[in-house]
Peer 1: 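For reference, the structure I am asking about is given below.
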Amino acid sequence: SYIVENEICHEVKSFFERQTMKLSQYGENTIILDPGIGFNKSMSDNFKLLKNIEEYRVKDRPILIGISRKSLIYKTLHINPKEALNGTTVLNTIALLGGADILRVHDVKEAVDRLARLTRQIELLTAQNSELKKAIKEANSGGNEQIAQARALSAEFEKNHKAIKS
């Protein structure tokens, strides 16, 4: 069942709900949630937490993900922690796309640089897709030649869309 598959997310959310309620009773409302990836959890549980960030969010509180140089990266890739920058960048990207609000990193300059480049690429592809949608709409309103053009544009749109999603 769904609960069994994401038991770790359910456990973390329950913990967050209890703790935020206690903190709120003491008047504390500035709360950042950290699921503790890498701390007393299996590799599988860590990846589930990374994949399902929104499942354990409580009351729109910001979620911090700290995966920089974690063993889940270097053990999965069979490398040492100092070689984990690319793996960290990929998982940070997945975390941000999945809903993380804050990243804890060791290599700040590199993280900012790589995420800025990724953001520019996503913005570029999004702009291209906007132009492609407009061209497809115009081409679809025409004759056979324009319909063929619309199909080609649709294929390009799908390729860009897949690039954004991956």
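When a residue number appears, it is its place in the shown sequence, counting from 1.
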Peer 1: Once side-chain hydrogen bond (donor to acceptor under 3.5 Å, both in side chains) is applied, do any residues pair with Glu83, and if so which ones, sequence neighbours excluded?
Peer 2: Asn80
Peer 1: Would you confirm whether Asp45, through its side chain, and Lys41, through its main-chain N or O, come within 3.5 Å as a donor-acceptor pair?
Peer 2: no
Peer 1: Is any side-chain heavy atom of Lys13 closer than 4.5 Å to a side-chain heavy atom of Glu55?
Peer 2: no
Peer 1: Report the distance from atom CG of Asn46 to atom CE of Met43, rounding to the nearest 0.5 Å.
Peer 2: 8.0 Å
Peer 1: Can you list everything that forms a side-chain contact (heavy atoms from CB on, under 4.5 Å) with Asp107? Sequence neighbours excluded, please.
Peer 2: Arg69, Leu85, Glu110
Peer 1: Taking C-beta and beyond as the side chain, do Arg114 and Asn86 meet within less than 4.5 Å on heavy atoms?
Peer 2: yes
Peer 1: Taking transitive links into account, so neighbours of neighbours count too, which hydrophobic residues share a cluster with Leu124 at under 4.5 Å side-chain distance?
Peer 2: none
Peer 1: When you look at OH of Tyr74, are more than 12 heavy atoms from neighbouring residues, nucleotides or ligands closer to it than 6.0 Å?
Peer 2: yes
Peer 1: Is the backbone N or O of Thr20 less than 3.5 Å from a side-chain atom of Arg61, with the two atoms forming a donor-acceptor pair by type?
Peer 2: no
Peer 1: Can you give me the closest heavy-atom contact between Asn29 and Ser24, atom names plus distance?
Peer 2: OD1-OG, 3.5 Å
Peer 1: Sub-3.5 Å donor-acceptor pair from the side chain of Asp113 to the main-chain atoms of Lys109, do we have one?
Peer 2: no
Peer 1: Within the distance-only criterion (no hydrogens, no angle test), does the side chain of Lys51 pair as donor or acceptor with the backbone N or O of Leu49 below 3.5 angstrom?
Peer 2: no
Peer 1: Tell me which donor-acceptor pairs under 3.5 Å the side chains of residues 30-37 have, and how far apart each pair is, sequence neighbours excluded?
Peer 2:
from  : atom 1 : to    : atom 2 : distance (Å)
Asp34 : OD1    : Gly36 : N      : 2.8

Peer 1: By the rule that ILVMFWY residues connect when side-chain heavy atoms come within less than 4.5 angstrom, directly or transitively, which residues belong alongside Met21?
Peer 2: none
Peer 1: Might you point out which heavy atoms bring Cys9 and Asn52 nearest each other, and give the distance in Å?
Peer 2: SG-CB, 3.7 Å
Peer 1: Of the non-hydrogen atoms in Phe16 and Tyr56, which two are nearest, and what is the gap between them?
Peer 2: CD1-O, 3.4 Å
Peer 1: Tell me which donor-acceptor pairs under 3.5 Å the side chains of residues 91-106 have, and how far apart each pair is, sequence neighbours excluded?
Peer 2:
from   : atom 1 : to    : atom 2 : distance (Å)
Asn92  : ND2    : Thr88 : O      : 3.4
Thr93  : OG1    : Thr89 : O      : 2.8
Asp101 : OD2    : Arg57 : NH1    : 2.8
Asp101 : OD2    : Arg57 : NH2    : 3.4
Asp101 : OD2    : Ile63 : N      : 2.9
His106 : ND1    : Ser68 : O      : 3.4
His106 : ND1    : Ser68 : OG     : 2.7

Peer 1: So if you build clusters from Ile, Leu, Val, Met, Phe, Trp, Tyr with side-chain heavy-atom gaps below 4.5 Å, do Ile53 and Leu64 land together?
Peer 2: no
